[in-house]
Amino acid sequence: MPNPQTTNRHKPSARRGREPAHDRPSARAPVARGVFGHVGESPTQAQETEPITGTRAKPATEGAVLVTGVCGRLGKLLARELHRTDQVVGVDRRPFDDRPKDIVHHQIDIRRKKMKDIFRGRNIRAVVHLGVLHDPRRSDRDRHSWNIVAFQKLLDYMSQYEVPKLVVLSGANVYGPQPSNPQFLTEDAPLLGAQHFGGMRDLVELDMLAQSFFWKHPNTETVVLRPCHIVGRVHNAASNYLRLERPVMVMGFDPMMQVVHEKDVVRAVQLALRPGVRGIFNIRGPGEMPLSHLIRQVGGRPRLVPSSLAKVALDQLWRLRLSGFPSQELDHLRYVCMVDDSRARAELGYEPAHPIDRVLKDVRRLRYQLG
Amino acid sequence: MAQRGSIVPFAGWRRTRLLGESPLRQALRSVGDRVVRLAEDVVGQDLDARIAGIRTHLNEVGHDPFGFDPETSRYALAMAALLHRRYFRTQVFGINRVPQGRVLIVANHSGQLPLDAVMIGSAMMLDADPPRFPRSMVETWTAELPFISTLYPRLGQVVGSPENARRLLRQEESLIVFPEGARGISKTYDQRYQLTDFGLGFVRLAIETGTPIVPVAVIGGEEQYPSVADFKPLARLLKMPAFPVMPQMFFGMLAPLPTKYRLYFGEPFRFDGDPDDDDSAIEEKVWLVKSTIQSMVNRGLRERKGVFI
């Protein structure tokens, strides 16, 4: 539902001004080459006489932030944090009923043509792409269409309308759990996540697409965030696993694990939105510990199952739709897949703020709420 | 959590039993403690104090990022101390040549099971003063083995990748490296004490991180499990680097033969130059280390009176 109070409140000229980049002067030029430039003086005169004020185009810091997948738990958290300082435009197929008043929400599929109208209609200063489909139950085709085709369209619009910032939430899973992994993976490590688990293929491809966009469009500051397992009140595989009373552990394996609080990830996205930040950043939580310790601290009791039996049983349960975990994900319970966040600390200024007790408390709280 | 009352007798027993430590774990702990006390009596050293002296770089939640667990290591050190002092009666020469701070300990590899690493490790923990806690770089395939993959990190072993080694050396830790790798440990008896090809990675690493290399000759490892052949088809089937055929197994002797171990620590090498130099330039330095270890081994063999004495 459009909100008449907030749409284009700061930018009366925007609706007319947003045209494809190739037939208009750069919208983000710092001085008066704005859309009304032809009415008064010539652009060069305006530049000389009135360099800062006047009818200039909005600089990069004064646009709206478009958040895809805003109705997920993480998206909502991010929107609630961002709307205090920025205009937020949310896009999701799901409704966003309890949103703050100044958030504009478009309940559409990002593959729709309407998406282009959003870019044309307002000054978008940044896109945060959270709308990634992780559901392993969906067919490969669905996932590909949603994750890759949709993302490609989004990137097309971004280059067409010269959006200066892109933040993509990838994940440490793209590196994949491998026995040969170093204890801490840096951003340069190869993305082998799909080697043993085909379901990861499109997530790896999405990460690659963002990387190629980074090189192809140097004017857009592209940031790829690869956090370790995000937990808290989100409904993802890692949180759901930790919420189980008796989670399965593979007998004889107890890898070191990293978890990060959802709010720390939200803060990392906010830091990534600052102008001047670009690149790939691993995001790590408040410290790593063996999986068994993690489960015990959440209050669960691990159920030790031999690897071969676990695989057969999980395959069968998956087929009968009794379990939400495909058996290939067992590798996460066997091998390390941890990240080194020194680059994020140095360049992004990121530091996990939530201690491990708080992280696990939030995981646990939802378990009791669910009963 | 508030205790909920129930009119059903013993309704809460299951919960209270499960919240505590399992009986099996309690039993293991008490057995472990006895082993530690026994080892302390035999060795005459305070093992717990030595374990407590280990300083690793703990993370924010108080764990070693590589998975080192002092609790498990105390039992392992007790077992290693018994092996070191009583079973193999290890003699250690020149341990004070190991410099403080970051160091790479490079040794010849032998004996089918990596007991040579255990002996070097226990020598560093028991004979060096102050005790040093060395980590050894293990083969990647051990990370695929159940139980081993849990045990090794808890004892401070690390999967052998250059990134891990670099990180540990920057933390001023000491690393045990066997540049011969699986080729060295699975040698047959006819090739005993002949060093096989060394990898080049350790010298590049030492140059890059400015780490001294201490050469170590291990005598006594080759005779603990004499192997007469390497049964390759079975090794391939089991995805192992080698499948040694050991005659003592046919007589039901699973334990290694009680050979006498001798460890010779040499003067440290300090290399400088370009870590990305050509292989030929690096090979010269590797050859220097290798020939030093080989000559130390030869001297050790000449000096010893017998395999078991």
Side-chain angles (χ1 to χ4, degrees), chain A residues 177-186 188-189 245-246 249-259 284-294 296-297 299-302 304-308 310 331 333-336 338-342 351-360 364 368, chain B residues 1-2 14-22 24-25 56-72 135 137-171 173 175 205 239:
Chain A
Q178 311 271 344
S180 56
N181 271 353
Q183 199 77 357
F184 292 95
L185 294 152
T186 55
D188 311 322
E245 281 286 340
R246 302 227 43 196
M249 265 182 73
V250 183
M251 193 183 273
F253 291 91
D254 191 8
M256 297 293 283
M257 280 273 162
Q258 285 174 330
V259 290
R284 174 179 158 272
E288 38 282 313
M289 57 165 78
L291 178 63
S292 57
H293 287 234
L294 207 60
R296 290 220 172 79
Q297 281 209 16
R301 276 184 309 129
L304 298 177
V305 182
S307 153
S308 48
D331 274 359
L333 309 180
R334 293 166 67 184
Y335 308 129
V336 285
M338 301 202 298
V339 293
D340 173 22
D341 70 339
S342 42
E351 191 97 24
H354 292 77
I356 193 83
D357 301 341
R358 171 72 201 283
V359 176
L360 298 181
R364 202 161 34 208
Y368 293 134
Chain B
M1 196 189 299
R14 199 175 149 81
R15 175 167 288 268
T16 47
R17 190 177 68 86
L18 294 174
L19 282 176
E21 204 169 39
S22 71
L24 178 70
R25 196 171 280 267
T56 55
H57 289 253
L58 301 182
N59 62 15
E60 302 92 319
V61 290
H63 283 264
D64 173 60
F66 286 86
F68 169 69
D69 176 30
E71 187 70 7
T72 315
R135 300 191 189 246
M137 311 301 290
V138 298
E139 287 274 344
T140 305
W141 67 279
T142 58
E144 297 176 43
L145 304 173
F147 303 105
I148 300 282
S149 71
T150 313
L151 181 70
Y152 273 9
R154 286 190 185 171
L155 303 181
Q157 319 293 302
V158 178
V159 168
S161 78
E163 293 91 345
N164 284 345
R166 225 169 274 140
R167 180 177 284 264
L168 288 167
L169 289 176
R170 292 211 175 102
Q171 295 176 5
E173 302 216 19
L175 292 186
L205 190 71
K239 292 180 183 162

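Scope of the values below: all heavy atoms of this structure, side chains included, with no hydrogens, waters or symmetry mates. Every chain is numbered from 1, with letters handed out A, B, ... down the list of sequences. Not measured: the values here are computed from a predicted model.
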Subject >> Top contributor to chain A contacts, counting heavy-atom pairs under 4.5 Å, from B/G160, B/P162, B/A165, B/S149 >> reply: B/S149
Original post:
For the candidates B/T140, B/I148, B/V61, which exhibits the highest count of non-hydrogen atom pairs separated by less than 4.5 Å from chain A?
Top reply: B/V61
Side chains of [X] and [Y]: does their closest heavy-atom pair fall under 4.5 Å?
X	Y	answer
A/M251	B/P146	no
A/L360	A/L294	yes
B/M137	B/N164	yes
B/P65	A/Q183	no
A/M257	A/L291	yes

Using a cut-off of under 4.5 Å on heavy-atom pairs, state which of [options] scores highest against chain B.
options	result
A/R334, A/R284, A/M338, A/R296	A/R284
A/P182, A/S307, A/G287	A/P182
A/L185, A/D340, A/V250	A/D340

Original post:
Where is the tightest heavy-atom contact between B/T56 and B/F68, given as atom of each residue plus distance?
Top reply: CG2-CD2, 4.2 Å
Subject >> Closest non-hydrogen atom pair, A/E288 against A/F184 >> reply: OE1-CE2, 3.4 Å
Subject >> Side chain, backbone, both or neither of A/F253 within contact of chain B (heavy atoms, under 4.5 Å) >> reply: both
**OP:** Go through the atoms of A/M256 and report whether side chain, backbone, both or neither lie under 4.5 Å from a heavy atom of chain B.
**Re:** side chain
Is [X] close to chain A through its backbone or its side chain, or both, or neither, when contacts mean heavy atoms under 4.5 Å?
X	value
B/S161	side chain
B/D69	neither
B/L145	backbone

